Amino acid sequence: MTKELLAMRLRDLLGTTAAVAALAFGLSLPAGAQSPTSPAAPPATPPAPAANQAPAAPLAGAEAMASHRAAYRLNLASVRPDGQIGQAEGTMAFEVRDACDGWTTRQRLALTVVDRAGQEIQTASDYSTWESKDGRRLRFTMTQSSQGAISQRVSGEAELNGENGGTVRYEEPAAAQMTLPPGTILPMAHTIRTLALARAGQQRMLVTPLFDGTTAEGAQDSTTLLSAWTAAQANPRFPLLADQASARMNIAFFNREASAGAGTPEYQVGLRYFANGIADDMKMDFGDFTLNGVLESLDPLPHDC
């Protein structure tokens with residue numbers, strides 16, 4: 001496999017919600033880990049869209065989400081026997097801030113992959129969002145790079161109309177408008193809903209379209225499997241996780257052309273979510289290979305209001 005083909009394959013694997021799913025969905029990424037190499041001209045956190053009316057009430061449970069900065073070390077867990085990947089490692093940094101009427105997030109990923117012939121490819125992504133606390137609006141921007149050169153930019157704004165779906169307006173890679181299907185949910189809203197379901201213990205699966213702005217292809221179908229709610233435990237290493245109950249989850253992503261919950265997912269993310277929206281013990285399955293994400297540092301952040 002040439003470097004060009006390997007780079008294209010990684011772009012296909014990592015240019016989707018895959019890594020973001022573990023991050024944008026409330027993952028806490030420790031600040032102490034080595035900072036990933038960001039693409040040239042990294043995107044600033046998108047500003048909140050101008051409001052045409054008074055903001056709606058925050059989603060129930062929004063008040064429990066913790067502002068934090070975290071970092072993960074990514075290590076290769078397994079490879080497909082007939083696949084092309086030989087080695088993979090990287091870092092992932094994530095932060096979420098309370099911005100009064102919304103949350104701002106930033107996720108930076110750096111990954112080095114070596115194929116079985118020994119060819120090395122370095123990829124990076126820089127992804128930022130603003131999401132309203134009522135779960136209806138998302139402003140997003142993402143820059144991807146391969147071998148130090150920018151390979152893709154995605155940016156725009158999405159707005160939902162309750163359970164009736166909504167609209168996404170892309171600015172990059174090209175100006176376009178796309179309809180989001182009924183039931184579409186945004187990343188932080190997804191975190192809040194899954195935590196509520198796990199805590200209630202009455203529903204072990206959530207099937208819903210999910211939109212996070214990491215691709216120019218609109219929403220993806222997702223199926224989230226929830227484990228039992230687990231009582232809080234002491235955590236001297238990460239005080240933000242102490243006295244926080246938690247639940248393990250597995251989130252599978254499907255192409256919209258297939259039915260969520262059926263067939264083979266494009267990728268899956270397993271993780272443990274704590275009641276304050278922070279996550280650890282992450283596993284990202286890209287099909288050709290699987291990465292473990294180990295939380296290395298975690299710091300609280302002040303509110304921006």
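Here the structure is a predicted model, which means the values were calculated and not measured.
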Rounded distance [0.5 Å steps], [atom1] in [X] versus [atom2] in [Y]:
X: Trp103; Y: Ser132; atom1: CH2; atom2: OG; answer: 8.0 Å
X: Arg80; Y: Thr290; atom1: CZ; atom2: OG1; answer: 10.5 Å
X: Leu210; Y: Leu186; atom1: CG; atom2: CG; answer: 8.0 Å

What's the shortest heavy-atom distance between [X] and [Y], and which atoms?
X: Gly102; Y: Trp130; value: CA-NE1, 3.9 Å
X: Phe211; Y: Ala219; value: CD1-N, 3.8 Å
X: Ala279; Y: Leu271; value: CB-CD1, 4.1 Å
X: Ala60; Y: Ile192; value: O-CG2, 3.2 Å
X: Arg136; Y: Gly162; value: NH1-N, 3.8 Å
X: Thr184; Y: Leu160; value: O-CD1, 3.3 Å

Counting C-beta onward and ignoring hydrogens, is there a side-chain heavy-atom pair between [X] and [Y] closer than 4.5 Å?
X: Ser125; Y: Gln107; value: yes
X: Pro265; Y: Phe253; value: no
X: Lys283; Y: Asn292; value: yes
X: Leu241; Y: Gln233; value: no
X: Asp98; Y: Met65; value: no
X: Thr123; Y: Val113; value: no
X: His68; Y: Val96; value: yes
X: Leu74; Y: Met282; value: yes

Who are the side-chain contact (heavy atoms from CB on, under 4.5 Å) partners of Asn164, not counting sequence neighbours?
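Asn164 satisfies side-chain contact (heavy atoms from CB on, under 4.5 Å) with Asn161 only.
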
Does [X] use its side chain to pair, donor to acceptor, with the backbone of [Y] at less than 3.5 Å?
X: Glu63; Y: Pro58; result: no
X: Gln122; Y: Ser146; result: no
X: Asn276; Y: Leu240; result: yes
X: Thr223; Y: Ala252; result: no
X: Tyr127; Y: Gly213; result: no

Decide whether Leu301 and Met188 are clustered together by the hydrophobic rule: side chain heavy atoms of Ile, Leu, Val, Met, Phe, Trp, Tyr closer than 4.5 Å, transitively.
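Leu301 does not cluster with Met188.
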
Under the salt bridge (Lys or Arg N to Asp or Glu O under 4.0 Å) rule, collect the residues that match up with Glu171, sequence neighbours excluded.
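Arg139.
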
Salt-bridge test for Asp101 and Lys133: reply yes if a basic N is under 4.0 Å from a carboxylate O, no otherwise.
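Result for this pair is no, no salt bridge flagged.
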
Tell me whether Asp280 is salt-bridged to Arg272, with the criterion being a basic N under 4.0 Å from an acidic carboxylate O.
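Counted as a salt bridge, because a side-chain N and a carboxylate O are separated by less than 4.0 Å.
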
Parallel, tilted or perpendicular for Tyr267 and Phe286, by the 30°/60° rule?
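If you compare the ring of Tyr267 with that of Phe286, the planes turn out tilted.
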
Testing the 3.5 Å rule here: is there a donor-acceptor pair between the side chains of [X] and [Y]?
X: Thr105; Y: Thr129; answer: yes
X: Gln144; Y: Ser151; answer: no
X: Asp288; Y: Gln84; answer: no
X: Ser67; Y: Arg97; answer: no

Can you tell me which residue pairs pass the salt bridge (Lys or Arg N to Asp or Glu O under 4.0 Å) test with a partner in residues 223-236, sequence neighbours excluded?
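For residues 223-236, and leaving out neighbouring residues, there are no salt bridge (Lys or Arg N to Asp or Glu O under 4.0 Å) pairs at all.
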
Once salt bridge (Lys or Arg N to Asp or Glu O under 4.0 Å) is applied, what residue pairs with a partner in residues 229-249 remain, sequence neighbours excluded?
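Salt bridge (Lys or Arg N to Asp or Glu O under 4.0 Å) check on residues 229-249 returns Arg248-Asp281.
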
Contacts table for residues 194-203: side-chain donor-acceptor under 3.5 angstrom, sequence neighbours left out:
| residue | atom | partner | partner atom | Å |
| --- | --- | --- | --- | --- |
| Thr194 | OG1 | His190 | O | 2.9 |
| Thr194 | OG1 | Thr191 | O | 3.0 |
| Gln203 | NE2 | Met205 | O | 2.6 |

Using side-chain hydrogen bond (donor to acceptor under 3.5 Å, both in side chains) as the criterion, list what pairs up with Gln244, not counting sequence neighbours.
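side-chain hydrogen bond (donor to acceptor under 3.5 Å, both in side chains) check on Gln244 returns nothing, list empty.
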
